[in-house]
**Student:** 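Shown below is the structure under consideration.
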Amino acid sequence: RPAFAEQNGEDLFAVGFYNIRVIDKIRDMKCNRIGQLCAISGTVTRTSEARPELVVGNFTCLQCQTEANGVEQQFKFTEPAICLNPECSNRSKWHLRIESSKFVDWQKVRLQEDSSE
């Protein structure tokens, strides 16, 4: 296995697609294409820096120290609804355990139609 394939104890794979025959116009990208692989062409006019995004959070209850693992994030920071300990009624005091939570990198890219379109 190549040295670059391992990062933080997890396997890291990068996939590239080349010579895709159908290239859509940016203006033809509608919500019915969500979740589908598509190819577009254009000119990148602006990019943001790559930032981490929390995907699955592991939390500790600050009242009883019970751990709540695998809390999936729903497009915003989402804490557990209630503590898993039946003797605890905490609904709002949580500590995110960053070291055991799962993050992915994301980046905003602004794309402009090519002048030939």
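Counting from 1, the numbers follow the sequence of the chain as shown.
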**Student:** Given the rule in the side chain to side chain contact (heavy atoms under 4.5 Å, CB included) test, do L37 and F17 qualify, once you have shown the distances and angles that lead to the verdict?
**Tutor:** CA-CA 10 Å; L37 178 64; F17 296 93; 4.1 Å; yes
**Student:** Suppose the criterion is side-chain hydrogen bond (donor to acceptor under 3.5 Å, both in side chains): which pairs have a residue in residues 82-94, not counting sequence neighbours?
**Tutor:** none
**Student:** Between K25 and E113, does any side-chain N to carboxylate O distance fall below 4.0 Å?
**Tutor:** no
**Student:** Taking all atoms of both residues into account, what is the closest heavy-atom pair of Q107 and T47, and its distance?
**Tutor:** NE2-CB, 3.8 Å
**Student:** Following the transitive rule for hydrophobic clusters with a side-chain heavy-atom cut-off under 4.5 Å over Ile, Leu, Val, Met, Phe, Trp and Tyr, establish whether V56 and V104 coincide in one cluster.
**Tutor:** yes
**Student:** Closest approach of G57 and S101, non-hydrogen atoms and distance?
**Tutor:** CA-OG, 3.6 Å
**Student:** If you apply the rule side chain to side chain contact (heavy atoms under 4.5 Å, CB included), what do you find for W106 with R51, and how did you get there?
**Tutor:** CA-CA 5 Å; W106 70 273; R51 297 182 180 177; 3.7 Å; yes
**Student:** Could you see if F103 belongs to whatever hydrophobic cluster contains F77? Use Ile, Leu, Val, Met, Phe, Trp, Tyr and a side-chain cutoff under 4.5 Å.
**Tutor:** yes
**Student:** Under 3.5 Å, is there a donor-acceptor pair between the N58 and S100 side chains?
**Tutor:** yes
**Student:** Going by salt bridge (charged side-chain N to carboxylate O under 4.0 Å, His left out), name the residues that satisfy it together with E53, two or more places apart in sequence or in a different chain.
**Tutor:** none
**Student:** Does a salt bridge link D28 with R33, judged by any charged N lying under 4.0 Å from a carboxylate O?
**Tutor:** no
**Student:** More than 12 non-hydrogen atoms from neighbouring residues, nucleotides or ligands closer than 6.0 Å to CZ on R97, yes or no?
**Tutor:** yes
**Student:** Do L111 and M29 share a hydrophobic cluster, counting only Ile, Leu, Val, Met, Phe, Trp and Tyr and linking them when any side-chain heavy atoms are less than 4.5 Å apart?
**Tutor:** yes
**Student:** Between Q73 and V55, does the side chain to side chain contact (heavy atoms under 4.5 Å, CB included) criterion hold? Intermediate values first, please.
**Tutor:** CA-CA 5 Å; Q73 301 301 295; V55 177; 5.8 Å; no
**Student:** Look up atom CD1 in I98 and atom CG in L54, then write down how far apart they are to the nearest 0.5 Å.
**Tutor:** 9.0 Å
**Student:** What are the two closest heavy atoms between L84 and E67, and how far apart are they?
**Tutor:** CD1-O, 3.8 Å
**Student:** Could you tell me which non-hydrogen atom of E79 sits nearest to which non-hydrogen atom of V71, and how far apart they are?
**Tutor:** C-CG1, 4.3 Å
**Student:** Decide yes or no on side chain to side chain contact (heavy atoms under 4.5 Å, CB included) for T78 and E72, but give the supporting numbers first.
**Tutor:** CA-CA 7 Å; T78 306; E72 292 186 16; over 6 Å; no
**Student:** Tell me, yes or no, whether the heavy-atom count around I82 atom CD1, taken from other residues, nucleotides or ligands under 6.0 Å, exceeds 12.
**Tutor:** yes
**Student:** Quick one: SG on C83 to CG on L62, what's the gap to the nearest 0.5 Å?
**Tutor:** 10.0 Å
